[in-house]
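Bear in mind that the values here come from a model prediction, so they are computed numbers and not experimental data. Note: hydrogens, waters and symmetry copies are ignored here, and every other heavy atom, side chains too, is used. Positions are given from 1 along the sequence.
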Amino acid sequence: MENETRNGNIPQPIRNDGAGWYDLGPRDVIRDIENPDMLVSPATDAGSLPNMKFSFSDAHMQLNHGGWSREVTIRELPIATTIAGVNMALTPGGVRELHWHQQAEWAIMLVGRARITSVDQNGRNYIADVGVGDLWYFPPGIPHSIQGLEEGSEFLLVFPDGKFSDLNTLSISDWFAHTPKDVLSANFGVPTSSFSHIPNHQLYIYQGTVPGPIESQQVADPQGTIPLSFTHRLLAQKPIVTPGGTVRIVDSSNFPISTQIAASLLEIKPGAMREMHWHPKNDEWQYYISGTARMTVFAPNGTARTFDYRAGDVGYVPLANGHYIQNTGDTSLWVMEIFKSDRFEDVSLIQWMALTPHQIVQSNLSVGPELMNALRKEKSYIVKHPGYSYYPRTDR
């Protein structure tokens, strides 16, 4: 009787063990279809864990001439105390103005291309073009800008502070607008008339002209260039290949400037899942790029809750809580795991059991050789076992 319906194909909160009943009152059927494991929670769910999901589609859109932005912070997802995310798009020529943050900024390009510029504390500049799958990282307080190139761009910005808001940053236009013109004149050594047309407020995002080739914008720097690159080509990185998909881990070991954010890009094929695991030092903030998934979060005192995710959703897992990510669709699932850390670290349930004396594992779980012989001593990351995998039903 799983997902039993009374009216056509409308899902009902009735589990296959008979628990539940029809929902005959006002309801959002589309939401229920998108969240089958919240409507019909697995019998293994228990307790009252907080919400660990929020969609960027439910976030406020900040619209500007030149692009838009929306954010998921502790305001939208209270459990997410360690990381906030901003989804931003820039038109061709659209500019995220010259600005800086009190927090580090980590980003991945999702669509199109953009040009980033920066100058570090020693006066060394950096100008680069970034495309799909490329990362950038600016340490706290380092000024920078982003501009959409010919095809425009969309990207995800990540900050290691759940309370962060991208609207609460330090922008060059805002500083000029709130500085007396005679002070600006004294600082730059030009007449006050030079500042007659400066903005009277923060521009944030504005429409500019599409910049020419990067060579045309290079600025000679007597201090030289930065010693550690602010960008990283993630898709050019050789992945860890498993039968169930691919994993690309990026942290300060291969992107040295990124000292406050570590991440992994997962491709989970149909029928596969990110193995059961946990992270011993950090909460996990997730961004779902494409596909559909489900995840159960296992917490202390026998509590667990299952969530469903799709493109544009944010997931969250508190420190050391057990979880998996299972592909519930018929195409590859792409998802980012992101951490407030300089290094990526996880503990594999399978590997832990395989490297523990078998006698204690068997006596602890009351299992026999069939399971013990299937354990792997190497970390699997993504697992896929034909005949034991999840595949979506096609008769719904």
Side-chain angles (χ1 to χ4, degrees), residues 1-63 68-80 84-87 110 154 156 268 270 273-274 284-299 303-318 323-336 390-396:
M1 294 199 348
E2 183 181 3
N3 262 358
E4 181 177 337
T5 64
R6 175 171 284 192
N7 297 307
N9 293 319
I10 298 176
Q12 297 293 346
I14 303 174
R15 199 165 51 222
N16 55 12
D17 61 3
W21 198 60
Y22 299 101
D23 182 351
L24 304 176
R27 59 185 294 197
D28 188 335
V29 175
I30 294 176
R31 286 287 199 195
D32 288 339
I33 292 172
E34 291 179 349
N35 297 284
D37 290 288
M38 296 180 73
L39 179 70
V40 184
S41 61
T44 47
D45 279 9
S48 55
L49 288 181
N51 179 50
M52 298 182 193
K53 170 186 174 180
F54 194 89
S55 174
F56 269 107
S57 293
D58 293 328
H60 169 70
M61 271 285 196
Q62 175 74 24
L63 303 179
W68 54 258
S69 70
R70 52 189 176 179
E71 59 187 26
V72 175
T73 72
I74 195 171
R75 179 184 61 239
E76 289 79 18
L77 187 59
I79 190 68
V86 178
N87 183 204
L110 303 171
E154 182 176 343
L156 176 73
I268 304 174
M273 60 181 279
R274 173 75 164 95
E284 175 180 318
W285 193 93
Q286 303 165 342
Y287 179 70
Y288 289 82
I289 298 172
S290 66
T292 59
R294 73 170 174 176
M295 173 177 70
T296 299
V297 177
F298 166 68
T303 54
R305 187 176 176 188
T306 303
F307 301 87
D308 300 284
Y309 300 91
R310 59 183 53 239
D313 285 351
V314 172
Y316 200 81
V317 183
H323 58 288
Y324 61 86
I325 303 173
Q326 187 173 45
N327 186 338
T328 57
D330 54 11
T331 61
S332 283
L333 169 70
W334 288 86
V335 58
M336 295 290 312
Y390 176 93
Y391 291 95
R393 284 176 51 179
T394 59
D395 59 343
R396 293 179 181 173

Would you call D58 and R31 a salt bridge, taking side-chain N to carboxylate O under 4.0 Å as the test?
yes
Any H60 side-chain heavy atom under 4.5 Å of E71 side chain
no
Answer yes or no: is there a side-chain heavy-atom contact under 4.5 Å between L39 and P36?
no
Does some side-chain heavy atom of Y309 sit less than 4.5 Å from a side-chain heavy atom of T328?
no
Apply ring-ring contact (aromatic ring centres under 6.0 Å, His included) to F307 and list each qualifying residue two or more places apart in sequence or on a separate chain.
none
Contacts of F56 that satisfy ring-ring contact (aromatic ring centres under 6.0 Å, His included) - sequence neighbours left out:
Y287
Could you check if a side-chain atom of F54 sits within less than 4.5 angstrom of a side-chain atom of I79, using non-hydrogen atoms only?
no
Would you call N327 and Y390 a side-chain contact if the rule is heavy atoms closer than 4.5 Å?
no
Contact between E76 and V314 at the side-chain level, heavy atoms closer than 4.5 Å - yes or no?
no
Between the main-chain N or O of G47 and the side-chain N or O of R305, is there a donor-acceptor pair closer than 3.5 Å?
no
Taking the side chain as everything from C-beta on, heavy atoms only, tell me whether V29 gets closer than 4.5 Å to P11.
yes
For a quick test of reading the model, state the closest non-hydrogen atom pair linking A311 to S290 and the distance between them.
CB-CA, 4.0 Å
Could you go through D308 and T292, starting from their C-alpha distance and side-chain angles, then the distance that decides it, and tell me whether this counts as side-chain contact (heavy atoms from CB on, under 4.5 Å)?
CA-CA 7 Å; D308 300 284; T292 59; over 6 Å; no
For R27, what residues pass the salt bridge (Lys or Arg N to Asp or Glu O under 4.0 Å) criterion, not counting sequence neighbours?
D23, D32
Mind checking whether R274 and V335 have side chains closer than 4.5 Å, heavy atoms only?
no
